[in-house]
Amino acid sequence: MLRAVVSFRTDDVVGPVRRRLFGSFVEHLGRCVYGGIHEPGHPSADEEGFRRDVLALTREMGVSVVRYPGGNFVSGYRWEDGVGPRGQRPVRRDLAWRSIESNEVGLDEFVRWARKAEVEVMYAVNLGTRGVAEALDVHEYANHGSGTTLSDLRVANGSAEPHGISLWCLGNEMDGPWQLGHKTAEEYGRLAAETARALRQAEPGVELVACGSSSSAMPTFGEWERVVLEAAYEEVDHISCHAYYEVLDGDVDSFLASAEDMDRFIGSVAATADAVGAKVKSPKRIGISFDEWNVWSIKDFEASRTSEWRSAPKLIEDTYDVADAVVVGNLLISLLRHADRVAVACQAQLVNVIAPIRCEPDSAAWRQTTFHPFALTSRLARGEVLRTVVDGPTQDTGRFGEVPVVDAVVTREGEEVVVFLVNRHRHESVEVGFEGGERGVVEAWVLGDEDSGAINTALQPERVKPRGLGVERDGTAVRVVLPPVSWGVVRMGGDVRGEM
Ligand SMILES: O=[N+]([O-])c1ccc(O[C@@H]2O[C@@H](CO)[C@H](O)[C@H]2O)cc1
């Protein structure tokens with residue numbers, strides 16, 4: 001058995017646990033919207049056609065903010081197609097996913113869904129085929145009170161009150177050659193700055209996210225961020241990061257250590273932003289919006305874009321196993337660890353498409369394995385993130401060299417301390433010790449399985465779920481044993497709340 005010690009000091013704070021770290025993403029892609037959040041024919045559908053089972057799981061997961069409507073989709077999207085009487089909405093080609101877009105769901109419906117799901121809306125404007133004028137138009141429609149053509153149109157369409165969207169993405173992945181309207185960093189930086197200035201003239205308080213890189217492996221990574229921020233530093237609040245992880249060349253150890261890449265990614269983008277800040281002599285600090293992150297077998301991406309033209313096709317509906325869930329839990333640890341810098345994070349996506357929630361027309365929605373670490377982290381991470389040090393064994397990985405077997409982060413609110421941790425070793429259990437036992441252990445969970453390839457399905461939706469984690473206490477010392485490839489959480493002190 002391996003051994004590790006997690007240490008922290010309750011007065012050594014990294015930053016606040018921001019609720020916006022528990023974001024998700026709904027794109028008009030495959031069956032995320034149609035056949036996902038919206039399926040009028042389903043027995044659980046409400047009067048507006050939203051699946052109640054998906055809404056309930058979204059709330060249970062503790063999602064705080066949802067990015068919409070894309071993704072690659074947004075770079076060819078005309079927002080006005082999706083408002084007004086349903087029967088008059090145009091049917092269009094969606095070039096990003098080679099799909100037919102019925103426009104049955106648009107901005108007003110999504111805002112109503114978000115209210116039911118109790119989430120904030122993060123809205124992305126199209127800077128691929130469109131520009132400043134259309135960004136101003138959708139902002140006027142969404143956020144202007146009334147008395148102008150577009151705000152009155154919203155009122156006429158049934159939303160008397162403005163939608164009050166405060167978080168806006170200036171396009172999507174404009175560095176990606178696959179993106180409609182793909183741009184150089186110079187071209188995009190200028191457009192992002194102009195769009196940001198215009199939106200701020202309309203509403204000074206909006207929070208704006210410029211596109212960073214689609215992945216840290218992009219050939220333009222680093223230089224893209226520098227050029228875009230040099231053009232738009234004073235105009236934007238955040239720069240985005242996107243990252244998807246998968247097993248490459250059969251190297252599971254590197255996959256299990258994916259959070260190492262996320263740590264380095266965040267560190268590099270923060271350093272680049274600060275270097276630009278120094279150069280433009282600004283006291284302002286740019287935040288990071290990690291608005292697409294997940295586990296995804298991305299090799300299927302190109303295949304999904306060459307299919308037949310269909311409405312709501314089954315696209316990239318990855319099934320996740322225990323190892324995937326452990327990586328997701330570890331990525332959340334990484335996001336929390338950077339609480340001083342990461343302002344927003346959105347797991348991509350919410351339902352059916354590379355998603356923690358799955359559903360079919362003939363069954364109730366179910367939780368994939370990856371649902372659980374997200375739901376528990378969102379429920380239990382409160383207050384402030386503490387600087388956390390792990391002293392323990394390391395293992396060699398092909399991609400990242402020597403990495404710690406155990407990764408952990410600690411949060412604290414008042415008397416309550418919560419330790420989130422993973423064991424990334426494929427064969428060895430680890431006994432992990434830490435202080436805090438005097439507070440009393442209120443709950444402790446582990447997600448792991450003898451078969452790290454175990455999954456949940458419509459027929460066996462509860463095959464993988466968190467189980468109680470045995471905790472040994474000896475005065476102030478606490479000891480838990482994490483099995484191979486597992487994620488766990490221990491809450492000490494505070495009230496008994498939620499599910500036990
Ligand atoms: O690294 N890649 O090959 C790669 C390819 C596509 C890609 O698209 C992003 O992921 C899609 C699914 O969430 C979103 O619509 C888009 O923003 C993001 C990354």
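As the structure lists them, so they are numbered: ligands from 1, and atoms in each ligand from 1.
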task = Could you check which of Q349, R67, E173, H242 puts a non-hydrogen atom nearest to atom 12 (C) of ligand 1?
result = Q349
task = Name the closest protein heavy atom to atom 13 (O) of ligand 1, giving the residue it belongs to and the distance to 0.1 Å.
result = Y244 OH, 2.7 Å
note = of all protein heavy atoms, closest to atom 3 (O) of ligand 1 is I298 CD1, 3.9 Å
key: Atoms of ligand 1 close to E27 [distance to a heavy atom under 4.0 angstrom, numbered from 1]   = 14 (C), 15 (O)
query = To the nearest 0.5 Å, what is the distance between CD1 (I316) and CG (L29)?
reply = 5.0 Å
query = Can you check whether V276 reaches R226 side chain to side chain, under 4.5 Å on heavy atoms?
reply = yes
ask   = Out of R86, R92, R93, which residue meets the salt bridge (Lys or Arg N to Asp or Glu O under 4.0 Å) rule with D81?
value = R92
query = Pick from E187, E194, E186: which one makes a side-chain hydrogen bond (donor to acceptor under 3.5 Å, both in side chains) with R190?
reply = E194
message = To check your reading of the model: name the closest protein heavy atom to atom 6 (C) of ligand 1, its residue, and the distance in Å.
response = F301 CZ, 3.4 Å
task = Measure the spacing between CD of E173 and CG of L180 and express it to the nearest 0.5 Å.
result = 12.5 Å
message = For the residue pair D175 / Y188, report whether a side-chain donor-acceptor contact shorter than 3.5 Å exists.
response = no
task = For ligand 1, find out whether one of its N or O atoms is nearer than 3.5 Å to an N or O atom of N172.
result = yes
request  = Report the nearest protein non-hydrogen atom to atom 16 (C) of ligand 1: residue, atom name, distance rounded to 0.1 Å.
outcome  = N72 OD1, 3.3 Å
ask   = Crowded around D249 CG? As in, over 12 foreign heavy atoms under 6.0 Å?
value = no
ask   = Would you call W97 a ligand 1 contact, heavy-atom distance under 4.0 Å?
value = yes
query = At under 4.0 Å between heavy atoms, which part of W178 makes contact with ligand 1: side chain, backbone, both or neither?
reply = side chain
note = G71 heavy atoms within 4.0 Å reach ligand 1 at atoms 14 (C), 15 (O), 17 (O)
key: E292-ligand 1 polar pair, N/O distance under 3.5 Å   = yes
Atoms in ligand 1 flagged as close to F25, the criterion being non-hydrogen separation under 4.0 Å = 13 (O)
request  = Give a yes or no answer on whether the side chain of T369 reaches the backbone of I455 with a donor-acceptor pair at less than 3.5 Å.
outcome  = no
request  = Classify the contact between M218 and ligand 1 as side chain, backbone, both or neither, using a heavy-atom distance cut-off of under 4.0 Å.
outcome  = neither
key: Flag side-chain contact, heavy atom, 4.5 Å: V405 against N423   = yes
